Amino acid sequence: MANIAVIGLGEAGSIYAAAFAAAGHSVWGIDPGDVPTPPRVSRTLEPPLHDINAVFVLTTAFAAHGLSETLLPRLPAESLWVDMSTASPTQKAETAQRFPNLKYTDIAILGPVLVYGTSTPLLASGGSVTEVADLLGHVGAPVETVAEGSPGDAMAHKLLRSILMKGLASVITEAVTAGAAAGREQWIREQCAAQLAGSGSAIVDRFLTGSLTHASRRAEEMKSVVHFLQDLGVPSDMSAASAEQLQRFTQR
């Protein structure tokens with residue numbers, strides 16, 4: 001069993017901390033905020049770093065950077081530093097380069113931990129991914145490794161995916177909100193579902209080629225969409241951005 005420090009006891013951190021403790025590991029939870037302490041987790045602001053085998057960082061990107069500067073120099077060389085924050089790929093790569101003798105691993109969380117718990121898919125990169133994956137396996141966490149990846153590569157994959165997932169969520173939210181305002185919510189929901197259920201590769205190709213080939217016509221269409229949403233009293237952030245992007249495509 002390992003001695004583990006979990007920095008950040010928010011939604012994700014508390015779930016992993018509790019799971020490690022339930023699996024029999026000794027766990028120290030570190031969070032200065034007014035958040036509950038998971039069962040069987042020792043709450044502290046000063047973990048016994050000389051005895052720690054692994055540090056899991058589940059804080060904000062800003063806090064993760066500061067913590068790495070403060071704690072990494074004090075850790076034994078054989079300790080694992082597992083950065084599960086949303087710090088940028090560049091920040092993660094630079095931190096790993098500054099402390100080359102420590103086992104720095106970049107982990108990207110690819111789903112809502114509050115929904116899936118420790119079974120949420122994880123993507124890892126760095127020189128110690130095998131050790132980290134083995135430790136996370138104790139709590140049933142599935143870890144995929146970026147082939148020949150360095151620290152920052154896992155987060156780069158996550159952020160590329162976020163362009164799709166967060167952008168798609170915003171577009172669907174705008175469309176359904178507009179549909180409700182126009183009295184056609186069920187119809188637009190069905191349209192969204194039909195598009196998502198199609199052939200993925202074919203849809204990607206159609207979107208890429210169609211947007212460039214028909215940019216001028218589609219830009220004008222999306223400008224009409226913006227006016228329509230204004231008439232409905234619905235925000236048009238995503239539609240306006242689409243119109244601007246398509247207009248740029250006409251200059252290519």
Side-chain angles (χ1 to χ4, degrees), residues 8 10-13 33 58-65 84-92 106-117 120-123 152-252:
E11 291 179 353
L58 290 114
T59 63
T60 63
F62 177 79
H65 180 70
M84 300 175 74
S85 75
T86 55
S88 73
T90 301
Q91 285 179 316
K92 291 192 175 188
D106 169 23
I107 293 279
I109 303 173
L110 302 181
V113 178
L114 193 60
V115 175
Y116 300 112
T120 305
L122 304 175
L123 188 62
D153 286 342
M155 181 52 57
H157 282 71
K158 175 185 173 69
L159 295 182
L160 287 170
R161 181 177 180 271
S162 294
I163 298 171
L164 168 66
M165 299 304 291
K166 304 315 187 281
L168 183 60
S170 296
V171 167
I172 289 177
T173 298
E174 185 167 295
V176 173
T177 301
R184 297 290 184 270
E185 179 176 351
Q186 186 57 39
W187 183 83
I188 193 60
R189 281 178 174 269
E190 292 170 356
Q191 290 293 305
C192 293
Q195 291 298 320
L196 295 174
S199 172
S201 295
I203 289 176
V204 171
D205 289 340
R206 178 161 58 85
F207 285 169
L208 290 173
T209 58
S211 293
L212 293 174
T213 304
H214 307 292
S216 180
R217 175 175 59 79
R218 292 185 179 185
E220 292 305 313
E221 182 177 331
M222 291 310 298
K223 291 175 185 177
S224 295
V225 170
V226 172
H227 290 303
F228 178 47
L229 295 186
Q230 289 172 345
D231 292 341
L232 292 173
V234 173
S236 59
D237 305 283
M238 302 304 294
S239 297
S242 294
E244 291 177 8
Q245 183 189 61
L246 288 163
Q247 191 63 48
R248 287 197 301 272
F249 286 167
T250 65
Q251 308 304 316
R252 293 188 177 185

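Fair warning: this is a prediction, and the values are worked out from it, not measured in the lab.
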Notebook entry, point to check: Does a sphere of radius 6.0 Å around CZ in R206 hold more than 12 heavy atoms from other residues, nucleotides or ligands, not counting ones at 6.0 Å or beyond?
Noted result: yes
Notebook entry, point to check: Taking everything shown except F249 itself, do over 12 heavy atoms lie less than 6.0 Å from its CZ?
Noted result: yes
Notebook entry, point to check: Could you go step by step and tell me if L122 and M84 meet the side chain to side chain contact (heavy atoms under 4.5 Å, CB included) rule?
Noted result: CA-CA 9 Å; L122 304 175; M84 300 175 74; 4.2 Å; yes
Working to the nearest 0.5 Å, report the span between [atom1] of [X] and [atom2] of [Y].
X	Y	atom1	atom2	value
L123	D153	CG	CG	9.0 Å
L212	T250	CG	OG1	11.0 Å
L208	I203	CG	CD1	12.0 Å
I172	Q191	CD1	CD	12.0 Å
K92	S85	NZ	OG	4.5 Å
L229	M238	CG	CE	12.0 Å

Item checked: Side chains of Q247 and K223 in contact at under 4.5 Å (non-hydrogen atoms) -> yes
Item checked: L58 side chain reached by V113 side chain, heavy atoms, under 4.5 Å -> no
Checklist line | Residue list, salt bridge (charged side-chain N to carboxylate O under 4.0 Å, His left out) with E11, at least two apart or on another chain | finding: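 E11 satisfies salt bridge (charged side-chain N to carboxylate O under 4.0 Å, His left out) with no other residue.
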Notebook entry, point to check: Can you list the residues that meet the side-chain contact (heavy atoms from CB on, under 4.5 Å) rule with A180, with sequence neighbours excluded?
Noted result: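 Counting only residues at least two positions away or on another chain, A180 forms a side-chain contact (heavy atoms from CB on, under 4.5 Å) with E185.
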Next item on the list: May I have all residue pairs that pass salt bridge (charged side-chain N to carboxylate O under 4.0 Å, His left out) and include part of residues 225-248, sequence neighbours excluded?
Entry: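 Residue pairs passing salt bridge (charged side-chain N to carboxylate O under 4.0 Å, His left out), neighbours aside: none found.
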Check whether [X] reaches the backbone of [Y] with its side chain - one donor and one acceptor, N or O, closer than 3.5 Å.
X	Y	answer
T120	G117	yes
K166	L159	no
K158	I109	yes
T213	G210	no

Check: Can you tell me if E174 and S239 form a side-chain donor-acceptor pair at under 3.5 Å?
Finding: yes
Checklist line | For the student: nearest non-hydrogen atoms of A154 and A108, plus distance | finding: O-CB, 3.4 Å
Next item on the list: Please name the pair of heavy atoms, one in P89 and one in G152, separated by the smallest distance, quoted to 0.1 Å.
Entry: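 The answer is CB-O, 3.3 Å.
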Next item on the list: For the pair E221 and R218, evaluate salt bridge (Lys or Arg N to Asp or Glu O under 4.0 Å) and give the outcome as yes or no after the intermediate values.
Entry: CA-CA 5 Å; E221 182 177 331; R218 292 185 179 185; over 6 Å; no
